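Counting starts at 1 for both ligands and their atoms, following the listed order. In this text the structure is predicted, and so the values were computed from the model without any measurement.
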Amino acid sequence: MTSSPFITTTTIIIITTTIIMCCSMAGPRPVVLSGPSGAGKSTLLKKLMEEYNGVFGFSVSHTTRQPRPGEENGKDYHYVTREAMQTAIDNGEFIESAVFSGNMYGTSKAAVQDVQAKNLICILDIDMQGVRNIKATDLNPIYVSIQAPSMEILEKRLRDRKTESEESLQKRLHAAYVDIGISKEEGLFDVVIVNDSLEVAYEKLKVVLLESDRVAHGRVAVGLGDHPGLVALLAAFHPLHLGAVGRLDLQLGVAHLDGDVSPRPAGDSGGGGGGGGEEAAGQVVPKAAEEAGPLPGGGYRTADVEEHGLAHGRAADLPLEHGDLAGLLRGEAEGGARGAVALSLPRDVVLQVLQGEHRVAALRQDLGLSVWLAAIAVFVVVGFEDDGFLVIRLLVVVVLPVGGVGDGGHLVGRARDPGRRGGPGEGGVLLGVPGERRVTGGVLRQLLHQRVVGVVGVGVLRGGASGPREAVDRSDPAGETPLLRESLGDLLTLYSMISSTSTQRGLRSAGRAAAPWCSVT
Ligand SMILES: Nc1ncnc2c1ncn2[C@@H]1O[C@H](COP(=O)(O)OP(=O)(O)OP(=O)(O)O)[C@@H](O)[C@H]1O
Ligand SMILES: Nc1nc2c(ncn2[C@@H]2O[C@H](COP(=O)(O)O)[C@@H](O)[C@H]2O)c(=O)[nH]1
């Protein structure tokens with residue numbers, strides 16, 4: 001039984017029974033790119049948009065300058081007259097505006113809202129006046145300065161671009177001269193990237209946007225497996241935080257349910273499957289990916305993992321893709337905001353996890369720290385199948401902001417003992433994650449570098465409308481595995497485990513967890 005007939009032929013009633021949210025929330029954090037004309041902002045942005053289509057969205061500014069060959073109205077800019085622009089500014093339609101090189105430029109509120117409405121991370125390409133103006137708003141972006149290696153190179157690039165008259169070029173160079181000085185002002189930019197080699201600069205930009213401690217704070221729900229309905233429901237609660245909703249069931253990007261994130265030392269044959277423990281905690285890197293070597297941030301290329309990961313027979317060597325990153329990148333400003341990341345895994349992964357090949361690799365370490373439960377959401381999905389059976393599905397989402405876990409700390413859950421089976425394939429739900437700045441950065445790194453935080457299964461209740469309901473594993477033809485009750489039990493066990501300091505102490509000293517599906521090595 002696949003999940004799609006169920007979805008298409010049943011009425012779905014979703015009841016959220018409990019949601020306890022105790023973290024501050026915030027929407028996706030936009031990104032401001034600024035820097036002298038000719039430094040390479042548009043070039044970098046173009047690459048970013050191509051690679052992360054569906055993650056970032058460009059805030060289309062208004063300008064009074066003439067379009068350049070190849071530029072499109074509504075895509076590169078909204079080209080308007082001075083009068084129209086001034087009227088719109090006077091009407092309060094702009095977040096900021098500036099005069100640059102004799103032309104008016106401005107970011108309209110609608111431009112930013114359009115991007116955010118699509119759940120994309122909004123990128124603004126604005127000049128230094130715009131940066132100053134944005135600082136006075138509550139947009140709270142990440143400020144990235146793009147600089148050319150030198151004024152000479154900047155001038156050459158601008159000339160070679162052949163877009164400016166001599167007069168315009170001189171104005172831009174003058175503005176650049178001023179900007180370069182201002183951009184050194186402490187605290188104005190979060191990051192300064194010198195665009196010498198385009199490739200190097202682009203990799204740096206990606207690191208900043210994808211892995212920076214500054215990027216993701218606040219609660220992020222990346223996905224709930226193959227069940228968009230549930231995700232939509234969650235989105236209804238916190239729409240700003242569910243940026244990846246549209247992409248949930250495409251590719252969820254998580255690998256390695258156990259093991260350490262750091263690349264294995266040469267000669268190490270790798271962590272044993274299911275071995276767990278510090279000795280066995282080496283990262284399980286797909287061979288081809290390993291040969292290709294880690295990316296600058298330490299992760300591995302999606303394509304390598306995608307192509308070779310699953311062939312290893314290890315759960316969760318799956319690609320981390322654009323849509324998922326959108327969720328990971330959303331969040332609140334730096335500065336101690338708390339939040340959590342809930343990430344679900346696709347069916348195959350869940351099944352493998354539930355079949356028990358994986359272990360808790362670092363629970364001991366994390367349980368010793370301040371871990372607390374922030375949210376439990378229980379979704380009951382009721383429907384009728386073609387054969388008239390009433391089917392009730394229960395999906396339990398646990399979001400666990402983990403306070404105080406050190407940079408790189410993590411909570412890894414092994415879902416079940418060997419032999420257990422997964423639910424009907426809606427996907428599991430990942431537990432996790434911290435809120436403090438350094439912690440969130442650490443968690444992001446874990447996710448991006450293929451650490452996983454934990455998995456909870458999905459159970460199904462099946463029975464006639466008036467008959468006894470029985471929890472069954474729908475992937476089990478015998479249909480006898482009482483999954484549902486145990487899933488709930490496991491969750492409760494998990495909750496009590498992590499919320500009890502004595503349990504934490506006990507676990508630490510015993511080095512083992514009491515829950516059958518959760519072992520500490
Ligand atoms: N790393 C690089 N090496 C060489 N040339 C580059 C590099 N980056 C960008 N360029 C080239 O420099 C020129 C200016 O780049 P680009 O138009 O992206 O700058 P910009 O910062 O967006 O400028 P503006 O603010 O005027 O829009 C382009 O012709 C681009 O192809
Ligand atoms: N303050 C703002 N500056 C903007 C905006 N859109 C673009 N810009 C900046 O203008 C210059 C020139 O751009 P060009 O396309 O004519 O080369 C460049 O530095 C841009 O960053 C805006 O909405 N507000």
Side-chain angles (χ1 to χ4, degrees), residues 30-50 58-73 75-80 85 88-89 93-112 114-115 122-137 139 141 143-165 167-180 182-183 189 192-205:
V31 177
V32 159
L33 282 195
S34 191
S37 175
K41 302 179 296 294
S42 317
T43 309
L44 288 165
L45 259 177
K46 191 160 168 271
K47 281 172 79 69
L48 194 71
M49 296 300 186
E50 279 165 11
F58 181 55
S59 156
V60 182
S61 294
H62 284 60
T63 184
T64 59
R65 84 152 161 77
Q66 292 301 305
R68 293 174 187 146
E71 287 185 342
E72 278 179 48
N73 190 19
K75 184 164 172 264
D76 299 284
Y77 283 103
H78 299 289
Y79 300 95
V80 290
M85 183 133 178
I89 293 169
E93 293 171 27
F94 280 75
I95 301 173
E96 61 80 32
S97 61
V99 174
F100 181 90
S101 186
N103 290 302
M104 293 171 78
Y105 294 83
T107 307
S108 69
K109 291 175 184 169
V112 174
D114 282 354
V115 174
C122 186
I123 304 204
L124 291 79
D125 173 348
I126 56 177
D127 80 333
M128 193 63 81
Q129 303 162 75
V131 169
R132 293 255 191 237
N133 291 335
I134 290 287
K135 291 248 169 187
T137 72
L139 195 68
Y143 293 92
V144 181
S145 168
I146 306 294
Q147 296 290 334
S150 67
M151 278 301 284
E152 291 71 31
I153 292 176
L154 186 77
E155 180 171 350
K156 179 170 182 339
R157 285 183 189 169
L158 267 182
R159 286 190 185 283
D160 290 351
R161 194 171 74 178
K162 298 189 186 341
T163 54
E164 309 308 316
S165 65
E167 185 193 356
S168 162
L169 192 126
Q170 291 305 329
K171 282 185 186 166
R172 285 169 186 255
L173 289 176
H174 177 72
Y177 189 76
V178 175
D179 281 11
I180 290 166
I182 297 175
S183 67
F189 288 96
V192 178
I193 294 174
V194 177
N195 175 21
D196 191 350
S197 148
L198 185 62
E199 291 312 315
V200 173
Y202 180 58
E203 287 304 321
K204 283 183 184 162
L205 181 64

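- Side chains of Q147 and S183: a donor on one and an acceptor on the other come within 3.5 Å.
- Considering each of A98, G38, S61, the one bringing a non-hydrogen atom nearest atom 6 (N) of ligand 2 is S61.
- Comparing V131, T63, I126, V60 against atom 4 (C) of ligand 2, the shortest heavy-atom distance belongs to I126.
- Between the side chains of T63 and R65, no donor N or O sits under 3.5 Å from an acceptor N or O.
- The protein non-hydrogen atom at the shortest distance from atom 19 (O) of ligand 2 is K41 NZ, 3.7 Å.
- By the criterion of a heavy-atom distance under 4.0 Å, neither the backbone nor the side chain of Q129 is placed next to ligand 2.
- Atoms of ligand 2 found under 4.0 Å from any heavy atom of R65 (numbered from 1 in listed order, with element): 14 (P), 15 (O), 16 (O).
- Of the candidates R159, R68, Q170, R68 is the only one forming a side-chain hydrogen bond (donor to acceptor under 3.5 Å, both in side chains) with E164.
- E199 contributes atom CD, which lies 9.5 Å from atom CG of L44 (distance to the nearest 0.5 angstrom).
- The distance criterion of under 3.5 Å between nitrogen or oxygen atoms is not met by S97 with respect to ligand 2.
- Here Y79 and H62 keep their ring centres 6.0 angstrom or further from each other.
- With a 4.0 Å cut-off on non-hydrogen atoms, M128 does not touch ligand 2 at all.
- Between K156 and E152 there is no salt bridge, since none of the side-chain N atoms of the basic residue sits less than 4.0 Å from a carboxylate O of the acidic one.
- A donor-acceptor contact closer than 3.5 angstrom is absent between the side chains of Q129 and Y105.
- Of all protein heavy atoms, the one closest to atom 13 (O) of ligand 2 is Y77 OH, 3.2 Å.
- Counting heavy atoms only, D125 comes closest to atom 5 (C) of ligand 2 of the residues D76, T163, D125.
- Note that K135 lies in the cation-pi zone of Y143, set by a 6.0 Å cut-off to the ring centre and a 45° limit from the axis.
- Ranking protein heavy atoms by distance to atom 24 (N) of ligand 2, first place goes to E96 OE2, 2.7 Å.
- Scanning the protein heavy atoms around atom 1 (N) of ligand 2, the nearest turns out to be D127 OD1, 2.7 Å.
- Less than 4.0 angstrom separates some heavy atom of G106 from each of these atoms of ligand 2: 22 (C), 23 (O), 24 (N).
- Under 4.0 Å from ligand 2, not a single heavy atom of H62 appears.
- Residue R68 has at least one heavy-atom neighbour below 4.0 Å for each of these atoms of ligand 2: 14 (P), 15 (O), 16 (O), 17 (O).
- To the nearest 0.5 Å, atom OG of residue S61 and atom CG of residue L124 are 6.5 Å apart.
- In this structure, ligand 1 sits under 4.0 Å from heavy atoms belonging to P36, S37, G38, A39, G40, K41, S42, T43, R157, R161, R172, N195, D196, S197, L198.
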Intermediate values then yes/no, side chain to side chain contact (heavy atoms under 4.5 Å, CB included), I134 and I95 | CA-CA 7 Å; I134 290 287; I95 301 173; 3.6 Å; yes
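- Distance CD1/I126 to OG/S34: 6.0 Å, rounded to 0.5 Å.
- With sequence neighbours left out, the side chain to side chain contact (heavy atoms under 4.5 Å, CB included) criterion links S42 to D125.
- Per-residue contacts place G130 under 4.0 angstrom from the following atoms of ligand 2 (heavy atoms of the residue considered): 1 (N).
- One distance of note links OH of Y77 with CZ of F58; it measures 6.5 Å at 0.5 Å rounding.
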